[in-house]
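Bear in mind that the values here come from a model prediction, so they are computed numbers and not experimental data.
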Amino acid sequence: MPGTAMIETGDVATTSPPTAAPRSWWQRLAGVRAGVRELLLITVLYVAYTGSRLFASDNREEAMTRAHQLLHIEQAIGLDWERALNSFFVDHGTIGLLACYWYSTAHYILTLGVLIWLYARGRERYLPARRALVIGTALALALYLMLPTAPPRFLPHEYHDILLLHADQGWWGADASAPKGMGDLTNELAAFPSLHCGWSLWVALVVTRNARSRIAKVLAWLGALLTAVVVVGTGNHWTLDVIVGWIVIVAGVVAVSAFTSGPRLPAAVGASGERSGGRSSG
């Protein structure tokens, strides 16, 4: 047969398997190159997201009007929890400080960490989840541009700016969670919706679907709940900001699921990224 070698051993002839051609160094680096492309893509998307927020209107009068409208809706349906949580963080300084650190770091670290973890587990798990995150973030960006909204801390006689109270103990300044001296690079009217909460819900959904550890799943949902409490308690978001932040991510997940064909990926697929014949939804 072509591509095989016949070996005579007495009266018996055996066939040895063909020898695979050695892989070039470029082929051996395929996984590294794919990882670098994904890292660059995520970086470009984040820079575009951050930069495009600066194009939103900076009309504070309109943003304040919209904030009062949100508050009136919350009061009508019993969701005006901002004052109670904000007062709690003021009265308990250590908790308030820890909340500031959580607000300024957790959503970046956890979201990036889960993206890396998913990538290591295979494209069938990673791509749908990344697409859902991108869609949800894009929807939030559209709302930032269309509906600039002032956060509770812009009402100083009613709410306290917890990050400002603890600015001398952290790296953030007086402009939300932006590092000191970089306040011009953030849009303080991008409060509706809360992507802190949207991303934390994405983490919880992804971990629930892909992790085997029950503890990891519980911690992911506790992280999402903690983020919701923190963003409201620190005076950076209204309760409705949290809810809409969750909605845009759920919309991203639903959109990806609707356009992703094939059976769900079984949990047996390991870190090697082996495929089982179908693609999972995000």
With rounding to the nearest 0.5 Å, note down the distance linking CD1 in Ile95 to CD1 in Ile162.
11.5 Å

For the CG atom of Leu112 and the CD1 atom of Ile116, what is their distance to the nearest 0.5 Å?
4.0 Å

Kindly check if the number of other-residue, nucleotide or ligand heavy atoms within 6.0 Å of CD1 (Ile215) is above 12?
no

Strictly by modelled atom types, are Thr227 and Trp199 linked by a side-chain donor-acceptor pair under 3.5 Å?
no

Shortest non-hydrogen contact from Ala228 toward Trp246
CB-CZ2, 3.9 Å

What do the steps show when you test Leu79 against Trp238 for side chain to side chain contact (heavy atoms under 4.5 Å, CB included), and what is the final call?
CA-CA 9 Å; Leu79 288 178; Trp238 304 97; over 6 Å; no

To the nearest 0.5 Å, tell me how far Leu189 CG sits from Leu147 CG.
12.0 Å

What distance separates Ser104 OG from Ile109 CD1, expressed to the nearest 0.5 Å?
8.5 Å

Could you walk me through whether His107 and Leu195 pass the side chain to side chain contact (heavy atoms under 4.5 Å, CB included) check?
CA-CA 9 Å; His107 66 300; Leu195 266 184; over 6 Å; no

Which heavy-atom pair separates Ile249 from Gly198 by the least distance, and what is that distance?
CG1-O, 3.1 Å

Provide the closest heavy-atom pair for Thr208 versus Lys217 in the form atom of the first, atom of the second, distance.
O-CE, 3.3 Å

At their closest point, which heavy atom of Val256 faces which heavy atom of Ala132, and how far apart are they?
CG2-N, 3.5 Å

If Ile, Leu, Val, Met, Phe, Trp and Tyr residues are connected whenever their side-chain heavy atoms lie under 4.5 Å apart, and connections chain through other members, are Leu201 and Val254 in the same group?
yes

Write down the atom of Cys100, the atom of His166, and the distance for their closest heavy-atom approach.
SG-CD2, 3.9 Å

Can you list everything that forms a side chain to side chain contact (heavy atoms under 4.5 Å, CB included) with Ala142? Sequence neighbours excluded, please.
Met146

The test is side chain to side chain contact (heavy atoms under 4.5 Å, CB included); show your working for Phe192 and Arg66 and say whether it passes.
CA-CA 10 Å; Phe192 180 84; Arg66 202 165 284 117; over 6 Å; no

Same cluster (ILVMFWY, side-chain, under 4.5 Å), Tyr101 and Leu219
no

Nearest-0.5 Å distance that lies between atom CG in Leu118 and atom CD in Glu124
12.0 Å

Shared ILVMFWY cluster between Val203 and Tyr108, side chains joined below 4.5 angstrom?
yes

Side-chain heavy atoms under 4.5 angstrom apart, residues restricted to Ile, Leu, Val, Met, Phe, Trp, Tyr: same cluster for Met64 and Ile73?
yes

Please check this pair: side chain of His237 against backbone of Ala191, looking for a donor-acceptor N/O pair closer than 3.5 Å.
yes

Under a 3.5 Å cutoff, is there a donor and acceptor pairing between the side chains of His72 and Gln69?
no

Is the closest side-chain heavy-atom distance between Cys197 and Val231 below 4.5 Å?
yes

Under 3.5 Å, which donor-acceptor pairs link side chains of residues 81-89 to any protein atom two or more places apart or in another chain?
from  : atom 1 : to     : atom 2 : distance (Å)
Trp81 : NE1    : Gly78  : O      : 3.2
Glu82 : OE2    : Thr239 : N      : 2.8
Glu82 : OE2    : Thr239 : OG1    : 3.1
Arg83 : NH1    : Glu158 : O      : 3.3
Asn86 : OD1    : His160 : N      : 2.7
Asn86 : ND2    : His160 : O      : 2.9
Asn86 : ND2    : Gly233 : O      : 2.9
Ser87 : OG     : Arg83  : O      : 2.9

Compare every heavy atom of Leu133 with every heavy atom of Thr137, then report the nearest pair and how far apart it is.
OG1-O, 2.8 Å

Side-chain H-bond candidate by donor/acceptor type, Trp202 with Thr111, under 3.5 Å:
no

Looking only at side chains, do Asn210 and Arg121 share a donor and an acceptor under 3.5 Å apart?
no

To the nearest 0.5 Å, what is the distance between CG on Leu240 and OG on Ser194?
12.0 Å

Heavy-atom neighbours of Gln75 CD exceed 12 at 6.0 Å:
yes

Whether the side chain of Arg153 engages the backbone of Tyr159 through a donor-acceptor N/O pair (distance < 3.5 Å, no angle test) should be reported.
no

Stepwise, does the side chain to side chain contact (heavy atoms under 4.5 Å, CB included) test hold for His68 with Leu155?
CA-CA 10 Å; His68 282 105; Leu155 285 67; 3.7 Å; yes

